[in-house]
Amino acid sequence: MYKVKILIVCGSGVATSMHAAYKLQQYFDEEKILVHIDGAGNNELEGRAPSYDIILSTTMVTANIDKPVFNAIALLTGIGEKELAAEVISKVKEIMQEKGDK
Amino acid sequence: MTEIEISVENILVNETVDSNEEIIRRLGTLLQKNGYVKDTYLQSVLDREIIFPTGLQTKTLGFAIPHTDAEHVKKTTVAIATLEKPVIFREMGSADDEISVSVVMMLAVRDPKQVVDTLVKVISILENEVTIEKLEKATTALEIYDAFYEHIQQVSDKKAAGSISH
């Protein structure tokens with residue numbers, strides 16, 4: 001089974017990306033889907049994005065990224081969090097299916 | 001797990017300020033005076049706030065969580081200020097949306113991986129309306145400290161209870 005890789009980015013990689021990664025991981029645990037989640041600072045985004053399948057960010061993404069990007073702020077405030085988690089989970093399932101077919 | 005040390009000496013209650021810069025300066029100066037951050041921290045937070053704004057709208061009021069890179073921090077902690085009148089912060093992740101902020105939690109994070117558990121508990125205050133109301137109504141630093149610790153304790157208990165039921 002393909003393990004989808006998710007990168008969560010914030011301004012400096014010390015606080016909000018860590019928090020969002022932790023929260024998102026719980027949703028995948030509940031779904032019993034194995035994913036790999038990393039947190040990083042915004043300055044690492046362009047360099048690291050090619051190695052990941054999905055990007056979440058608490059900052060504006062201005063870099064040109066060829067991957068699905070989600071706004072991670074719902075994971076901080078809880079407002080719209082379940083909806084965001086559902087979107088990311090469905091994207092992950094989509095990617096697992098695509099990669100599984102190959 | 002390393003717990004974050006939170007101290008009453010880093011808490012300000014019902015401060016009156018005219019701008020987000022002013023409250024960032026007060027909290028940053030406090031953290032520096034009390035030995036938690038290097039003298040480069042304050043300016044770095046101010047610069048960061050312009051590039052990566054930290055205003056967040058919760059269900060009931062506006063929060064801001066100004067912070068910066070780990071290299072400017074000596075010891076992980078959180079400084080907290082409640083404001084007499086809200087000031088404008090730009091919204092996290094946006095170009096020019098504004099949030100009217102009444103509570104500022106300034107994070108000083110030395111080693112994010114080591115404190116991620118506590119960091120999660122601290123940031124999860126944003127989702128706890130009961131704690132937010134207590135922060136808003138607090139008239140002393142000690143009340144804020146208590147509300148803060150009560151929240152962290154609750155989240156810990158919930159997690160412990162959850163792990164038993166698995």
Side-chain angles (χ1 to χ4, degrees), chain A residues 6-32 36-46 48 54-63 65 68-85 87-88, chain B residues 4 44-45 47-63 65-73 76 78 90-97 99 105-129 132 159 162-163 166:
Chain A
I6 301 172
L7 184 66
I8 305 194
V9 179
C10 68
S12 40
V14 298
T16 57
S17 60
M18 289 287 168
H19 181 82
Y22 183 94
K23 294 280 291 286
L24 190 64
Q25 182 65 54
Q26 290 182 322
Y27 281 95
F28 282 103
D29 287 350
E30 229 166 82
E31 292 280 319
K32 298 195 167 56
H36 182 89
I37 304 177
D38 283 327
N42 188 71
N43 56 345
E44 300 169 66
L45 176 60
E46 264 189 291
R48 291 181 67 173
I54 294 173
I55 311 295
L56 270 78
S57 180
T58 63
T59 70
M60 267 199 305
V61 174
T62 45
I65 305 293
V69 178
F70 294 90
N71 183 328
I73 288 174
L75 290 164
L76 305 180
T77 61
I79 300 171
E81 178 182 306
K82 288 201 171 84
E83 292 81 353
L84 170 68
E87 275 180 54
V88 176
Chain B
I4 293 177
S44 177
V45 173
D47 294 345
R48 279 265 158 179
E49 192 63 34
I50 293 166
I51 310 167
F52 302 117
T54 66
L56 288 163
Q57 186 62 51
T58 71
K59 283 194 189 103
T60 50
L61 53 80
F63 256 79
I65 52 167
H67 58 275
T68 189
D69 299 332
E71 64 186 84
H72 304 288
V73 177
T76 298
V78 186
R90 272 165 51 229
E91 184 174 23
M92 188 181 286
S94 93
D96 44 22
D97 289 345
I99 305 269
M105 292 198 301
M106 187 181 258
L107 313 176
V109 182
R110 176 79 199 120
D111 181 350
K113 288 207 171 68
Q114 228 180 32
V115 294
V116 64
D117 270 14
T118 320
L119 206 55
V120 165
K121 291 175 199 162
V122 169
I123 297 178
S124 68
I125 281 179
L126 302 175
E127 300 175 49
N128 187 333
E129 285 165 60
I132 289 176
K159 268 178 81 187
S163 61
H166 271 289

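In the text below, chain A, chain B and the rest are named by the order of the sequence lines, each starting its count at 1.
Of the two parts of Leu76(A), the backbone and the side chain both hold a non-hydrogen atom closer than 4.5 Å to a non-hydrogen atom of chain B. Proximity to chain A (any heavy atom under 4.5 Å) is shown, for Glu91(B), by neither the backbone nor the side chain. Within the 4.5 angstrom heavy-atom criterion, only backbone atoms of Ser94(B) (N, CA, C, O) approach chain A. When heavy atoms are compared at a cutoff of 4.5 Å, Ile65(B) approaches chain A solely by way of its side chain, counted from C-beta outward. Of the atoms belonging to Leu119(B), heavy atoms from both backbone and side chain fall under 4.5 Å from chain A.
Of the N and O atoms on the side chains of Thr77(A) and Gln57(B), not one donor lies less than 3.5 Å from an acceptor on the other residue.
The side-chain heavy atoms of Met18(A) and Val109(B), taken from C-beta on, include no pair separated by under 4.5 Å. Side-chain contact check for Phe52(B) versus Thr54(B): every heavy-atom pair is 4.5 Å or farther apart.
Residues that satisfy the side chain to side chain contact (heavy atoms under 4.5 Å, CB included) test with Asp29(A), not counting sequence neighbours, are Gln25(A).
When each of Thr59(A), Val61(A), Val14(A) is scored by its heavy-atom pairs under 4.5 Å with chain B, the top score falls to Val14(A).
In this structure, Arg48(B) contributes its side chain and Gly11(A) its backbone to a donor-acceptor pair below 3.5 Å.
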